[in-house]
Amino acid sequence: MNLEIVEGGITSPKGFTASGISCGLKKNNLQDLALVMSTKPCNSAGVYTKNIVKGAPLLVTKEHLENKKAQAIIINSGNANTCTGEEGINHAKEMCRSVGEELQIEENNVLVASTGIIGVKLNIGAIKKAIPCLTKRLNKNGGKDAARAILTTDTFKKTLAVTFELGGKKVVIGAMAKGSGMIHPNMATMLSFITTDVNIDANLLNKALKESVRVSYNRISVDGDTSTNDMVIVMANGLAENPVIEEEDEDYNIFLQALKKLNIELAKMIAKDGEGATKLIECRIMNVAGEKEGEMLGKSVICSSLVKTALFGRSANWGRILDAIGYSGVDFDINKLEVSMESSKGSILVFKNGNPVDFSIEKSVDILSENVVGIVLNFNSGNYSVCCWGCDLTYDYVKINGSYMS
């Protein structure tokens with residue numbers, strides 16, 4: 001597959017426009033309202049949080065996607081519209097209705113998402129007042145404004161696009177995402193919106209999305225908290241005019257691999273931007289008996305507060321890593337295990353075959369001073385390998401979340 005990662009985002013595929021403005025939900029006139037639209041209805045699919053407490057927008061979006069069609073998405077930040085009763089549901093529906101009226105499209109083809117503080121009633125008046133301006137500003141270059149408008153405690157925009165060929169046609173997948181805290185997806189506060197001009201059957205689109213989410217967003221963690229509003233949405237309008245993908249053939253597999261690549265890169269951006277984080281942690285589980293076991297082991301490591309704080313302190317405290325895999329629920333032979341830590345500055349072996357390995361503390365501190373560090377666990381017990389991603393735990397995480405409501 002000739003896949004190319006390019007600059008771009010949600011408006012990179014044919015037929016998509018976007019906009020982002022401030023409607024007053026955030027202080028200091030920060031952008032807080034975004035809109036994405038396709039020139040035609042799209043085959044669409046979604047994946048949602050497994051938290052029992054679900055935001056009103058998520059429930060409305062799920063209902064609107066029952067027909068597997070969508071043409072626009074409206075997103076606000078600054079307020080999650082969660083735990084706000086029936087009024088919250090009505091406000092989410094009003095957002096869809098107002099966008100539908102302005103764009104002259106079906107209300108049920110408008111999806112809605114919100115992110116921000118939980119349990120505060122949404123200022124629906126401010127949103128409805130801003131929607132005419134939001135729709136008028138829709139344009140091909142509006143992806144950057146939209147990506148900025150969906151952020152909460154994020155420190156940077158998360159956008160990406162990939163291009164490749166299907167049936168002799170150039171096709172594009174573009175996306176924007178947000179997420180920095182409350183990140184521990186069971187399909188954390190995280191949102192991801194994906195657009196593509198690929199011509200693909202709605203059921204296969206849904207299947208590809210779920211598979212790509214499983215190996216990307218569901219393998220990251222910042223703080224172990226699964227949010228109430230998590231969702232990943234994909235819209236495919238078919239404007240690339242490739243032969244329609246109707247079965248799990250070579251074209252489907254090419255599309256799936258491209259979607260996986262896109263979502264893995266976005267997931268890593270989210271993990272790297274964990275609240276207060278200074279480094280991205282990549283945990284590579286190698287040579288285990290099964291993929292599920294690999295995920296359990298990897299997640300146990302990246303979720304360990306002791307591992308996360310050790311890496312913040314640039315400490316190669318491998319005992320904490322062994323502790324984390326020891327309570328993961330996976331049985332393994334410690335006498336076959338090799339543990340290494342690495343970065344762009346090199347690699348050190350710290351544990352092998354049941355015994356500690358002598359290493360230079362000075363070298364380990366230098367290796368762990370980089371903003372991307374790796375933990376490599378080779379179990380020498382099977383043919384499966386898995387990657388999971390997290391971040392370090394710093395003083396600033398407590399500061400950010402200790403003052404989130406003020």
Side-chain angles (χ1 to χ4, degrees), residues 9-13 15-20 33-38 40-50 54-77 80-81 92-93 95-96 99-100 105-115 143 146-147 149-151 158-161 172-179 185-198 200 202-214 216-218 227-238 255 259-260 262-263 266-267 270:
I10 199 79
T11 60
S12 294
F16 287 96
T17 55
S19 61
L33 193 62
L35 182 63
V36 179
M37 182 191 177
S38 169
K40 60 174 287 190
C42 306
N43 285 342
S44 302
V47 178
Y48 315 97
T49 183
K50 291 184 179 178
K54 290 179 171 61
L58 186 150
L59 297 174
V60 172
T61 286
K62 196 171 183 179
E63 179 184 325
H64 285 194
L65 271 181
E66 286 179 359
N67 66 355
K68 303 173 187 175
K69 295 288 183 181
Q71 192 168 354
I73 311 170
I74 182 169
I75 312 113
N76 75 270
S77 58
N81 192 14
K93 289 182 176 179
M95 290 171 68
C96 296
V99 168
I105 63 176
E106 292 290 331
E107 173 187 338
N108 284 349
N109 280 351
V110 181
L111 311 181
V112 58
S114 301
T115 181
I150 68 175
L151 305 182
K158 300 165 181 70
T159 61
L160 195 66
V172 182
I173 308 175
M176 65 179 185
K178 65 83 51 181
N186 282 313
M187 238 336 303
T189 325
M190 72 144 284
L191 300 172
S192 180
F193 306 101
I194 306 160
T195 57
T196 182
D197 48 23
V198 169
I200 182 171
N203 291 324
L204 288 179
L205 180 67
N206 180 57
K207 183 170 185 176
L209 178 65
K210 289 181 177 177
E211 174 61 16
S212 69
V213 165
R214 186 181 67 80
S216 57
Y217 305 111
N218 280 0
S227 173
T228 57
N229 288 54
D230 300 346
M231 70 170 79
V232 180
I233 299 294
V234 61
M235 299 168 64
N237 62 20
F255 173 75
L259 190 59
K260 283 182 179 180
L262 177 99
N263 283 333
L266 286 169
I270 291 171

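Remember, predicted model here, so these are calculated numbers, not experimental data.
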With rounding to the nearest 0.5 Å, note down the distance linking CD1 in I233 to NZ in K62.
11.0 Å
Step by step, would you call M95 with N76 a side-chain contact (heavy atoms from CB on, under 4.5 Å)?
CA-CA 10 Å; M95 290 171 68; N76 75 270; 3.6 Å; yes
Over all heavy atoms of both residues, which pair between A236 and V198 is shortest? Give the atoms and the distance, please.
CB-O, 3.6 Å
Taking atom types as modelled, is there a side-chain donor on T115 or K178 under 3.5 Å from an acceptor on the other?
yes
How close do A45 and L205 get, heavy atom to heavy atom, and via which atoms?
N-CD2, 4.4 Å
Would you compute the distance between atom NZ of K260 and atom OG of S212 and round it to the nearest 0.5 angstrom?
8.5 Å
Run V232 and M190 through side-chain contact (heavy atoms from CB on, under 4.5 Å) and show every step you take.
CA-CA 8 Å; V232 180; M190 72 144 284; 3.8 Å; yes
Is it the case that the side chain of N81 and the backbone of P57 share a donor-acceptor pair, with hydrogens and angles ignored and the cut-off at 3.5 Å?
no
Are the side chain of T195 and the backbone N or O of I10 linked by a donor-acceptor pair below 3.5 Å?
yes
Less than 4.5 Å apart, any side-chain heavy atom of Y48 and any of L65?
yes
Minimum heavy-atom distance A149-S77, with the two atoms named
O-OG, 2.6 Å
Could you grab the distance from atom SG of C42 to atom CD1 of I200, nearest 0.5 Å is fine?
13.0 Å
Can you give me the closest heavy-atom contact between H64 and V110, atom names plus distance?
ND1-O, 2.7 Å
Within a 6.0 Å radius of atom NZ on K210, are there more than 12 heavy atoms belonging to other residues, nucleotides or ligands?
no
Where the side chain of T159 meets the backbone of M176, is there a donor-acceptor pair that is under 3.5 Å apart?
no
Are any side-chain N or O atoms of D197 and backbone N or O atoms of P13, one a donor and one an acceptor, separated by less than 3.5 Å?
no
For S12 and A161, the nearest pair of non-hydrogen atoms, with its separation, is OG-CB, 3.7 Å
Quick one: do I173 and I194 satisfy side-chain contact (heavy atoms from CB on, under 4.5 Å)? Show the steps, please.
CA-CA 7 Å; I173 308 175; I194 306 160; 3.5 Å; yes
Against S216, only a single residue in N263, L266, L259, I270 fulfils side chain to side chain contact (heavy atoms under 4.5 Å, CB included); can you say which?
N263
Got a second to check how far K93's NZ is from E63's CD, nearest 0.5 Å?
5.0 Å
Under the criterion side-chain contact (heavy atoms from CB on, under 4.5 Å), I'd like the reasoning laid out for N67 against E106: C-alpha separation, chi angles, the key distance, then a yes or no.
CA-CA 12 Å; N67 66 355; E106 292 290 331; over 6 Å; no
Do you know which of T61, V112, I73 makes side chain to side chain contact (heavy atoms under 4.5 Å, CB included) with C96?
V112
State, yes or no, whether a side-chain contact exists between L111 and F193 at a heavy-atom distance under 4.5 Å.
no
When you compare the side chains of K68 and N203, does any donor N or O come within less than 3.5 Å of an acceptor on the partner?
yes
Quick one: pull up CE in M235 and NZ in K69 and give me the separation to the nearest 0.5 Å.
11.0 Å
Point-to-point distance, once rounded to the nearest 0.5 Å, from OG1 of T196 to CZ of F255:
5.0 Å
Identify the heavy atoms of N229 and A80 that sit nearest to each other, and give their distance.
ND2-O, 2.8 Å
